[in-house]
Amino acid sequence: MKALSSGRSEARTSLLRFFRSTEMTLLVVGAAGFAILVAGSHGSLLHGDAVRGILSYLTVPILIGLAQLVVLAVGQMNLSVGPLGGFLAVLIAALMADHGVPVLLAVVIALTLGTLIGAANGLLVVTTRINGFIVTLATMTILGGLQYRVVGTRTIDPGSGILKTFGTMSLLNVPVIFLIALAAAGLLAFFLRRVVTGRRLLASGGNPLAARLSGISNDRAIVVAHALSGLIIGVAAVLTVASAPGVNKSIGGDWLLPSFAAPIIGGAALTGGSVSVLGAVLAAFVIRLVDVARAQYSLDPSWVNFTVGAVVLGTVVITRIRETRQAKATRRRVDLGRTGITGDSSTAGSAS
Amino acid sequence: MNTTEQVGQPGTDRPPPGRPWTVRSHRLPPGSIQRLGLLAIIAVLVFAFGSARSSFYNQQLTVFPLLRDIATFTVVGLSQMAALSVGHMNLAVGRMAAFSAMFMGLAYQDWHLPLYPGLAVGLAAGAAIGSLTGWIISATGVNSFVVTLAMDFALLGLVSLVYSQFSTTAAFTTQPAGMDGLRTYSLADLCAGNVCGSPAIPQILLFTGLAMLVVGYLYARTRVGRELLLVGSNIRAARLSGIPDRRRVILAHGLSGTLAGLAGFMLAVTSGSFTAGIGSQFMIPSFLGPILGGTLLTGGVVSVVGTLLGTALVQVIRQGLTTLGVGLESLDVYLGVILLLTLSAGRIGSVVSHRRAVKTR
Amino acid sequence: MTDIGSDPILLADGLVKDFPGVRALNGATLRMSPGSVHALLGENGAGKSTLIKILTGLYQPDAGNLVVGGQPITLHSANDAAAAGIAVVHQERNLVPEFSVAENITLNRIPVRGVLVDRAEMRARARRCLDLLDLDLDLDAPVNRLSVAQAQLVEIARALSSENRVLLLDEPTSALTLQESDRLFELVRRLRDQGTAILLVSHKLEEVFAVCDTVTVLRDGVSVLEAAPLAEHSRDEVVTLMVGRSHQAASFEPHVVERDGPAALELDKVSTASGHRDISLDVRRGEIVGLYGLVGAGRTELAKALLGLDRVVSGEVRVHGQRARVRDVREALNRYRIGYVPENRKEEGLFLDQPLTMNIAVTVWNRIQRAFGYVPRARERKLVQEYTESLGIRASGPDQHAGLLSGGNQQKVSLAKWLAAKTEILIIDEPTVGIDVRAKSAFHQLIWQLAADGLAILLITSDLPEMVTLAERIVVMRDFQIAGSVPNDHDYERTSTAVIRLIHGSGSSNRKPYER
């Protein structure tokens, strides 16, 4: 009986918590924004092609956001997301177009290589103890070079193979590649929530000292996070090749900023330990809406960047204000606790 | 230019403990070994590249553009160094350059200002946007990485919007008198009597020299500069020692913005027009120069000469590899690998010497 | 009830641990028996924390042996200690703030099913631990939503979550109410009766005497009392052992306190935003006033309020008789000539990666600067040298990094900058924590001399002998209020007894909050 009622109240408090969360705000903003855009377009935004377009262009932003999110979870950064994705994308395309490598093998190679390069980033960070920012800055340079080396000034079109078909396939008007991105998000959320390794990763990011005292290896967490980041970038690269008409040296060049924007707007802390997969996905959607609005009203593409920058700035400021308020509330609570102690000892004293 | 005589990495300086000093020590200042090492590497590379391809010594085709690039990117590096000095980052360094350059372009095209007043307008714009960034960081306490990243986004959009609004070709091409000269003039055009300078040294290097002098003087000799370093070294101790830490953070970012603006101007002079694309290639080099030169990411330690040398190293490798015929496609790969090796070696060295220092105590 | 003669479950023998500049342990011995509660006592800096960190695998001893359950053992990590059945509640909070209560409790042994976290098992296990403490916390609430006391209880629950042979409690009750402490000690007794060996480190002597069976006293890294039955020792005996005869107040020449005119620093019913209520005290020129209290009594917070880092909500602060409204440290320094030597010198007092010159000259630049903020280097060096010489700071030169100095010299550097700034009122917070004995007495001499030179000094320290050595008057703080004031006649027994009485509330010796 007690368990039942406490279960119900837990469900209620967690529901309450959700309503006050960043995710809820983003959901409302996203839904309202979408509704306004639909109304503004006189409903044409709800047509099959339009929906498919919105969703398929959402695929890569979600994935790169997740790739950044997983390293943010351990308090690291990965500046090499763009060049890694670009390198893997042109590699797949070149393997298929120039060397006749079968699709499946090319995909496996890309995913494996992505994971390995990510792990290498992590290993460099833990062995040299150089700041992850600088390490990934260096690997970013290297990977950008490798990408250019593979593709040069060409644009490779891997032809109309299965990958292409796959890239344009839809299920009930929802692009399959978008479903894959969602699946990746779901898996990552599950990994961070339920899988032991994922929990260790978050614990290490949240309080490295506590993690160490509990026998969790912070080094291992960093390597695993970077490797996962690489794997997710591998997926993004594969889906890019599948959906883009051709790949060249510019792929990945503009991924860096969006990769940070999605998780940070979604509520991730740079210090680690606190990330929200749902928040990042919703944030990617909201950013996408800015782009849709831009197209709809034929505005200058620059509005997108400007708006996103302003939104991120606004988000950090608001979050900060909220935190300060919370801290004040906590302090008040501590004060109450303190007077409680005083009360106790004085009553004990007077009783004697 | 002994900017880092005061500062250096912990552990590089291991004294015999337990003796009060009476005379000023005559040992090399800490960090100078690192800079001498950089200088030696640069010298060896220049010699190697020159031996392999004599065209590397060609004054007009190689040395002049190389020095011009070093001049510009050293200022970019100094801009980042200003943010690093308080333990922050400025990811928007390139876009701040674009923002300043935009004002310069507007000043020349629409307000018909002469060269230097226009430059001043642009630098003021850079200082303003940098200070605003610093203010947001110190007022909210949010990580400088996030704030400058968002600022980068916002400026990227804003600058492009302004260019498309005010110009037909997405560029301000009006050139005030004297700007073209800055691009092509070398010291050969500066004569004192019969003695003229070398035609290999671009005049624009004077801007860099001036920036280095001012920044170097600031950090080495003035109270404010030292307070910046102390804020970067330990902000809590700085506050408890009576340093106005918030104002110093704003100042550091203002300085970063101003220097970014100067770099934007130098790039515009080199390319001949003011475009929205100015500074888009600044971010990575802005970190390379200072970090290779011994500036710490964690703050508190800067080196102006080191930034010049670090930048020079990167540019010499780039130019040298190009001269050797290494295509653009492989350039970045080598550059990145060399960078990783240099950083790891430096890191291992400092860890080892620190361990030794701790052990002997 | 306890069998003290039985084989020890844990034996630490002859432990030695060196840190740069200080030997924290110098042959310490600890012997714990199953089914007994063991007290580990000692002054601050006696080596208790170091010993605990060695027992939990965080530090490796430089010499000495560890035997657990009859087996010699080396602990390389927290995992090794957990595997050996040693659990610990650390003094610092070690929770992952975003994680739930249940998860934090089971963090060191996450229950698994395949690769997944077994949430049902996790909750069940956590619930069992909380039930042991009779706690009804929401298992799914993230711990950053808990109060400080609740968080501390979660941490205690975590140490209970595994079947341990040895349980180490380092100041477990610092944030707990009496009721919560009672419940904890009830549980401690129950665990003891089940055969667990428990180590309790606590500043609160009444707690120790209420629940512990045996006691080890550490002084200067050595066990001066080893696993002795507590019943055979009185409280005074234990205190004397902790303090040691050698620490008896060193005698200084008394110096002149200026009694006429207004006090240099005067607080009149000051209340602050962080919770101080009606604090009144005064410090005169040439006087050292001690501010004593337990950790968390609000002494450092009071110092920070005087520097303008916290708001004074009511009451008046007067400096030399003039009302002072300090808005920031800069103003405290330049206008009111108040300096503060912080308790945590590495985090708040020094710039470790900067040379001595910068560390000391930071407060004088605004005085010696010329046009454009130019700092004349020769003048700066001369000033720095003057103070390094007069304080006897041992360094290789003005460019040596502060981080490479010994603890005692670091503390002198932290002090030197305020002397160089010509402060008239100096607040010195825990000046000799982690400093070896010889440097400590040199530092005492120095503080005494400063007062003799006419400075008004407010000395905050938890080191009672230090307090008795230096202070003319000892003001005792408890729970952000002044509990009382004790004139110091430099007789250690008498003064310390009076101070300790005040700390525990005047009638504390009659109070029996804990049942045996």
Side-chain angles (χ1 to χ4, degrees), chain B residues 2 4-31 214 217-218 220-227 229-247 296 298-301 354 357-361, chain C residues 18-21 304 307 309 328-334 339-342 344-355 357-359 361-363 365-366 368-369 372-377 381 385 388-389 392-406 409 414 417-418 421:
Chain B
N2 284 328
T4 45
E5 204 168 280
Q6 304 292 312
V7 292
Q9 280 163 309
T12 52
D13 178 30
R14 186 163 54 85
R19 179 175 54 88
W21 78 88
T22 44
V23 284
R24 195 178 151 176
S25 55
H26 288 283
R27 278 171 301 108
L28 283 169
V214 171
Y217 176 81
L218 176 78
R221 296 299 167 98
T222 72
R223 166 191 171 198
V224 168
R226 287 151 184 238
E227 290 186 350
L229 293 176
L230 292 187
V231 167
S233 175
N234 183 345
I235 191 164
R236 283 166 71 190
R239 192 177 305 145
L240 282 174
S241 303
I243 295 175
D245 53 304
R246 282 186 167 197
R247 262 187 280 159
L296 291 187
T298 44
V301 176
H354 186 69
V358 170
K359 248 189 202 152
T360 52
R361 313 207 77 250
Chain C
D18 281 319
F19 292 109
K304 295 208 165 155
L307 295 169
L309 295 173
D328 57 18
V329 184
R330 209 174 159 74
E331 203 177 8
L333 168 64
N334 294 335
Y340 172 62
V341 181
N344 195 339
R345 61 175 172 273
K346 288 193 174 169
E347 279 163 30
E348 298 192 324
L350 293 172
F351 305 94
L352 294 174
D353 57 355
Q354 301 289 344
T357 318
M358 296 273 268
N359 272 285
V362 52
T363 51
W365 289 328
N366 64 342
I368 64 173
Q369 69 180 350
F372 300 108
Y374 174 77
V375 177
R377 213 180 270 192
R381 292 221 167 202
Q385 192 169 342
T388 41
E389 271 168 14
I393 295 172
R394 297 199 158 262
S396 64
D399 292 326
Q400 184 170 18
H401 290 290
L404 292 175
L405 297 174
S406 71
N409 279 312
S414 184
K417 72 176 166 204
W418 298 112

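In what follows, chains carry the letters A, B, and so on, assigned in the order in which the sequence lines appear, proteins first and then strands, with residues in each chain numbered from 1. Side chains are part of it too, since the values below use all heavy atoms of this structure and drop only hydrogens, waters and symmetry mates.
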Heavy atoms of C:Trp418 and B:Ser241 approach each other most closely as CH2-CA, 4.0 Å
Residues B:Gly300 and C:Gln354: closest non-hydrogen pair is O-NE2, 2.7 Å
Here the pair of heavy atoms bringing C:Val375 nearest to B:Arg226 is CG1-NH1, 4.1 Å
- Query: Within a strict 4.5 Å, meaning less than it, do heavy atoms of the B:Leu240 and C:Leu309 side chains meet?
  - Reply: yes
Interface check, chain B: of C:Asn334, C:Asn366, C:Leu333, most non-hydrogen pairs under 4.5 Å belong to C:Asn366
Check your understanding: Counting only heavy atoms not in C:Phe372, do more than 12 sit closer than 6.0 Å to its CZ atom?
Key -> no
Scored by heavy-atom pairs under 4.5 Å with chain C, the best of B:Leu230, B:Val224, B:Asn234, B:Ile243 is B:Leu230
Those residues at least two apart in sequence (or on a different chain) that pass side chain to side chain donor-acceptor pair (under 3.5 Å) with C:Asp328 are none
Checked C:Ile368, C:Leu350, C:Asn409, C:Asn344 vs chain B; the most non-hydrogen pairs under 4.5 Å come from C:Leu350
Between the CD atom in B:Glu227 and the CE atom in C:Met358, the distance rounded to the nearest 0.5 Å is 9.5 Å
Notebook entry, point to check: Does the C:Gln369 side chain pair with the main chain of B:Thr222, one donor and one acceptor, at a distance under 3.5 Å?
Noted result: no
Of all heavy-atom pairs linking B:Ala220 and C:Arg377, the shortest is O-NH2, 3.7 Å
